[in-house]
Amino acid sequence: QVQPVESGGGLVQAGGSLRLSCAASGHTFSSYAMGWFRQTPGKEREFVAAINKSGGSTYYTDSVKGRFTISRDNVKNTTYLQMNSLKPEDTAVYYCAVASSGYLIRYSAYADRQNYNYWGQGTQVTVSS
C-alpha cells in the first residue's frame, strides 16, 4: 500500500510559480504511475498531469501544457508538480494520486480517476489576480 501526502500549496499572484510535492510512503512507490488532479467547489475533480512509473512519459491536460511540469524521484518516493505562469483559474485543491499500475498506456486512462487507488488529502492553491 502507498499513501500519498501533498505539500507546497499556498497563495501566489498571477504569473507566479509554486512547486507541489507528493511524498508517498511504501516501498512500492516506483511500481506505480502517479497523477495530479484538482477540484474546485461544486465541480468534479479534474485531471491535471500524470507520469508513468519510470518517469519516461508524462501527460497533461490542455489547459496546463507548457506551464506545468510533472516529475518524480523514485529514490525519494516523491512526485512533483512545478506550476509556472499561474492563472486565477488554476485556483483549486490539488490532489496527488497513486495509479493502479505502472503504465496506463493511453492518455484517457491516465486522466480517469477510476484508475487511481490511493489519494492524498489535498493541498490548496490560490492564485490572486
Which residues pass the salt bridge (charged side-chain N to carboxylate O under 4.0 Å, His left out) test with Lys65, sequence neighbours left out? Asp62

Can you tell me how far OH of Tyr60 sits from CG of Leu81, rounded to the nearest 0.5 angstrom? 7.5 Å

According to the disulfide (SG to SG under 2.5 Å) rule, which pairs have a member within residues 97-129, sequence neighbours left out? none

Output all residues satisfying side-chain hydrogen bond (donor to acceptor under 3.5 Å, both in side chains) with Ser54, sequence neighbours left out; order by chain, then residue number. Asn52

Those residues that, when tested against Ala23, pass side-chain contact (heavy atoms from CB on, under 4.5 Å) (two or more places apart): Thr78

Do Val48 and Leu86 land in one hydrophobic cluster if side-chain heavy atoms of ILVMFWY residues count as linked below 4.5 Å? yes

Between OG on residue Ser71 and CD on residue Gln82, distance to nearest 0.5 Å: 8.5 Å

Do you reckon Tyr59 sits in the same ILVMFWY cluster as Val64, going by side-chain contacts under 4.5 Å, direct or chained? no

Using the test ring-ring contact (aromatic ring centres under 6.0 Å, His included), find all partners of Tyr103 that sit at least two apart in sequence or belong to another chain. none

Can you pull the side-chain hydrogen bond (donor to acceptor under 3.5 Å, both in side chains) pairs that have at least one residue in residues 91-100, sequence neighbours excluded? Arg38-Tyr94

Quick test of your reading: applying disulfide (SG to SG under 2.5 Å), list the pairs with at least one residue in residues 73-129, sequence neighbours left out, ordered by first then second residue. Cys22-Cys96

Does the side chain of Val75 reach to within under 4.5 Å of the side chain of Phe29, using non-hydrogen atoms? no

With rounding to the nearest 0.5 Å, note down the distance linking OG in Ser57 to CD1 in Ile105. 9.5 Å

Taking only residues at least two apart or on different chains, which pairs with a member in residues 66-89 satisfy salt bridge (charged side-chain N to carboxylate O under 4.0 Å, His left out)? Arg67-Asp90

Measure the CG-CZ distance between Leu20 and Phe68 for me, rounded to the nearest 0.5 Å. 8.0 Å

Show every salt bridge (charged side-chain N to carboxylate O under 4.0 Å, His left out) that has at least one partner inside residues 119-129, sequence neighbours left out. none

Taking it one step at a time, do Tyr107 and Thr61 satisfy side-chain contact (heavy atoms from CB on, under 4.5 Å)? CA-CA 9 Å; Tyr107 172 89; Thr61 191; 3.9 Å; yes

Is there a donor-acceptor pair closer than 3.5 Å between any side-chain N or O of Asn74 and the backbone N or O of Lys53? yes

Quick one: side-chain hydrogen bond (donor to acceptor under 3.5 Å, both in side chains) pairs with a partner in residues 2-22, sequence neighbours left out? Ser17-Asn84

side-chain hydrogen bond (donor to acceptor under 3.5 Å, both in side chains) pairs, two or more places apart, involving residues 108-124: Gln124-Thr126

Residues Thr40 and Ala92: closest non-hydrogen pair is CG2-CB, 3.7 Å

Side-chain contact, heavy-atom cut-off 4.5 Å: Trp36 with Thr79? yes

Within one Ile-Leu-Val-Met-Phe-Trp-Tyr cluster: Val125 and Tyr80, side-chain cutoff 4.5 Å: no

